[in-house]
Protein chains: 2
Amino acid sequence: MTNRRAEEPERERVTIRTVAAHAGVSVTAVSKVTRNAYGVSEALRKKVEDSIAILGYRPSRAAQGLRGKTHTIGVLLIDIRNPFLPDVIGGINDVMAPANYRAMIGVGESRSQLETSLIESMIDYKMDGLVLVAPSLPADVISDYARQIPIVAVGYHDSGVKTFDTVNCNDQKGAALAVEAFQAQGYLDIGMLSLVAGHAHKVSVVRQREVGFRKAIKRAGLEERPIAKIALEAPDRENIMRDYINNPSRPRALFCWSDLDAIKLYDMATDMGVKVPDELAIIGYDNSPTTALRRIDLASIDQGGARLGELAAQTLLSRISGRKDAVKLLIEPTLVPRNSLGRVDAASQICRMWESHEVAYER
Amino acid sequence: MTNRRAEEPERERVTIRTVAAHAGVSVTAVSKVTRNAYGVSEALRKKVEDSIAILGYRPSRAAQGLRGKTHTIGVLLIDIRNPFLPDVIGGINDVMAPANYRAMIGVGESRSQLETSLIESMIDYKMDGLVLVAPSLPADVISDYARQIPIVAVGYHDSGVKTFDTVNCNDQKGAALAVEAFQAQGYLDIGMLSLVAGHAHKVSVVRQREVGFRKAIKRAGLEERPIAKIALEAPDRENIMRDYINNPSRPRALFCWSDLDAIKLYDMATDMGVKVPDELAIIGYDNSPTTALRRIDLASIDQGGARLGELAAQTLLSRISGRKDAVKLLIEPTLVPRNSLGRVDAASQICRMWESHEVAYER
DNA sequence: CGTTATTCGTATAACGTTACCCATATAACG
DNA sequence: CGTTATATGGGTAACGTTATACGAATAACG
């Protein structure tokens, strides 16, 4: 058997068998060493590790997947353009890399077709676990997948489902922070700009922000205005925004579901000669890098994307190593007061009032 | 054999064998249908496809990887924050999805350690091919990997290496566009802001832009100033920029290696009361979304990221299906003239002058 | 009608791991 | 000393595909 191999002219792939032969031990021994399983002496371990180093052996993940763990997790994103995703990914990598795990990212492009296809590919690759970031899939579908692979969802507010874990930032409170900041500035007509359904299901972060907004308005005893909604892929998006800004009965203070639209709206207002914040105050969501620019200076809600990523990774690791009960984590957002809010001084008081305290990570 | 299975209470994974049994055909037959290989009648195909649909069968990519194609490619990014990456990924997906391929993304975070580790993981997963975007690895290392898996590099100017394909935007011309646009505005002191070595090797896009800048300056007979360089991870980055702006002998017109820094510099100038473009004209690189904002309005070089992604995907597919000779593609950048450049009218002439023409894609 | 292609379908050996079970040697114990 | 633990190592079926080789049936041909 080994003789036949030796006759081959081209250098073949170095497999676990090559290592075993080189070290003069059994295949099982090598496997045990790489998995650091029980029942291997120091002498054996040394021999095997030396051979591995010399030969440059790397186990085939494909073969591992057929039998055991692959030490790889999948991360599913809705789209890459959303400015808060890099932070989340950074957080995930910061936890995964030291744990000797690699993260592979799939981009769903907001199409549930592609989204399920990617999830299934990751399952079929026998990845050890999945982090779904703001998935648009219904809970029972995710639950179904969760039977086949450990899953933690980020930005998915469903405390009922026990089959997978969730890690969230308190989106209702995020909206409340915005409303109360506006209120502290003396605004009485506060509106919200959101997304039309279809791009946002009941448990999505966007809907939660709407709920939080309504509750906060009611709590404050302010006028309850209908929430403006624009479809994400509407072709005449710009026109709709323009009309909105031009509408004389529009609110003077606007809370926006995402910086993505807040910045666009701000830009459009500038273009139309509408002064921000004097004629229109805006608070966005995600505290994306652009909002911090001096020439933009847009107040925004920070969800702590990196922290979300870290927690998601830790939660996933603990589930991979056997935890069965569902974990539901919730961290608190903060308001980053900036010029678009109005007078910054008053706003920073609000910020302190809601002092962020994290839910402790258990187990 | 099958009887033992039937006794099991929990529903087991539906494998190729399950399908074969359900359809009353051989395992090989099912495999042939899924791969649409030669030698299968219409009747057989129908039977198998029906069973597949009923049972919801999906081939295990792990097992496929052990034997054949996985219909998945890997994409390696340096870091996710770079604003031109989303376009590239979009372009890749646009080509890959219809071809029934999935793209898995790995993020290297500018650490060659993590970078190689991810590449190796992708190889070990038996992915069908790799797109490396602006890799920081030396050519011989990439060449080595290319022996194990089809590779196309984007943003890697090495026309000598025959073992892998490259798809690039003409970075030298991009720099030339900037210089000539400045010149057309009447600027005589034109500078460039770049990165220190270490983050940019000889064949990197950044170095190519430097080369293009120098050549263009010389060609125009302008004063040859040293190129300013700042390390990407320097802790006192902001201070260095501030000093640069304050330096009375700094150029009046500045070409910047990336919007990432161009925007930062612009913002800082604004903060310091230095007027753009009156006291400092700027041209960035990548034409990222932020540059288009009315309150930023930063001229920038557009590399056509989506087109780069599409070409890379097509090139990779053709190599996967057997092409052996190396393909080296080059597309042309365009200048997007905006306020930071000075008088826009003159600039748009330049733009027309360099009319973008793409290199035809060759099989 | 015999010979040769062509078409369709199957049996089976890989692919590179891991998990389970067993074999041996040595130590511990009564 | 016989019996039972405890380490340490190896043999070998899986895992779910694909690729090769081959058999059988039918068609084509002179």
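Numbered from 1 within each chain, the chains take letters A, B, ... in sequence-line order.
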Peer 1: Scan residues 22-30 of chain A against DNA chain C and write down, sorted by residue number, each residue with any heavy atom closer than 4.0 Å; if none is found, say none.
Peer 2: A:V27, A:T28

Peer 1: So does B:Q64 get a side-chain nitrogen or oxygen closer than 4.0 Å to the phosphate oxygens (OP1/OP2) of D:dT18?
Peer 2: yes

Peer 1: In whole Å, what is the span from the CD atom of B:E42 to the P atom of C:dG9?
Peer 2: 10 Å

Peer 1: NZ of A:K126 versus P of C:dT18: gap in Å, rounded?
Peer 2: 14 Å

Peer 1: Rounded to the nearest Å, what distance is computed from the CZ atom of residue A:R67 to the C1' atom of nucleotide D:dA13?
Peer 2: 8 Å

Peer 1: Could you state the atom-to-atom distance from NZ of A:K69 to P of C:dT18 in whole Å?
Peer 2: 12 Å

Peer 1: Give the rounded distance in Å between these two atoms: OH of A:Y38 and P of C:dC20.
Peer 2: 16 Å

Peer 1: If I take atom CG in residue B:L66 and atom P in nucleotide C:dT18, what distance separates them, rounded to the nearest angstrom?
Peer 2: 12 Å

Peer 1: Can you tell me if the side-chain N/O atoms of A:R17 get under 4.0 Å from OP1 or OP2 in C:dT17?
Peer 2: no

Peer 1: Tell me whether the OP1 or OP2 atom of D:dC15 has a side-chain N or O from B:T15 closer than 4.0 Å.
Peer 2: no

Peer 1: Check the distance between C:dT17's P and A:R13's CZ and give it to me in whole angstrom.
Peer 2: 6 Å

Peer 1: Would you call the rings of A:Y125 and B:Y125 parallel, tilted or perpendicular, where under 30° means parallel and over 60° means perpendicular?
Peer 2: perpendicular

Peer 1: Is there side-chain contact between A:I73 and A:M96, with heavy atoms separated by less than 4.5 Å?
Peer 2: yes

Peer 1: Please assess B:L137 against B:L132 for the test side-chain contact (heavy atoms from CB on, under 4.5 Å), listing each intermediate value before the final yes or no.
Peer 2: CA-CA 10 Å; B:L137 268 29; B:L132 309 183; 5.7 Å; no

Peer 1: Among the candidates C:dT17, C:dT10, C:dC8, find the nucleotide nearest to the side-chain atoms of B:S41.
Peer 2: C:dC8

Peer 1: Kindly point out which of D:dA19, C:dT17, C:dG9 is positioned nearest to the side chain of A:Y57?
Peer 2: C:dT17

Peer 1: Show your reasoning for whether side-chain contact (heavy atoms from CB on, under 4.5 Å) applies to B:D165 and B:R323.
Peer 2: CA-CA 11 Å; B:D165 308 317; B:R323 176 173 50 75; 2.9 Å; yes

Peer 1: Let me know the distance between OH of A:Y125 and C1' of D:dT17, rounded to the nearest Å.
Peer 2: 13 Å

Peer 1: Looking at A:T72 and A:T70, would you say the former's side chain and the latter's main chain have a donor-acceptor pair under 3.5 Å?
Peer 2: yes

Peer 1: For residues B:L130 and B:Y145, determine if any side-chain heavy atom of one lies less than 4.5 Å from a side-chain heavy atom of the other.
Peer 2: no

Peer 1: Between the side chain of A:T315 and the main-chain N/O of A:L311, is any donor-acceptor distance below 3.5 Å?
Peer 2: yes

Peer 1: So, does B:R35 get its side chain near the phosphate of D:dA19, meaning an N or O under 4.0 Å from OP1 or OP2?
Peer 2: yes

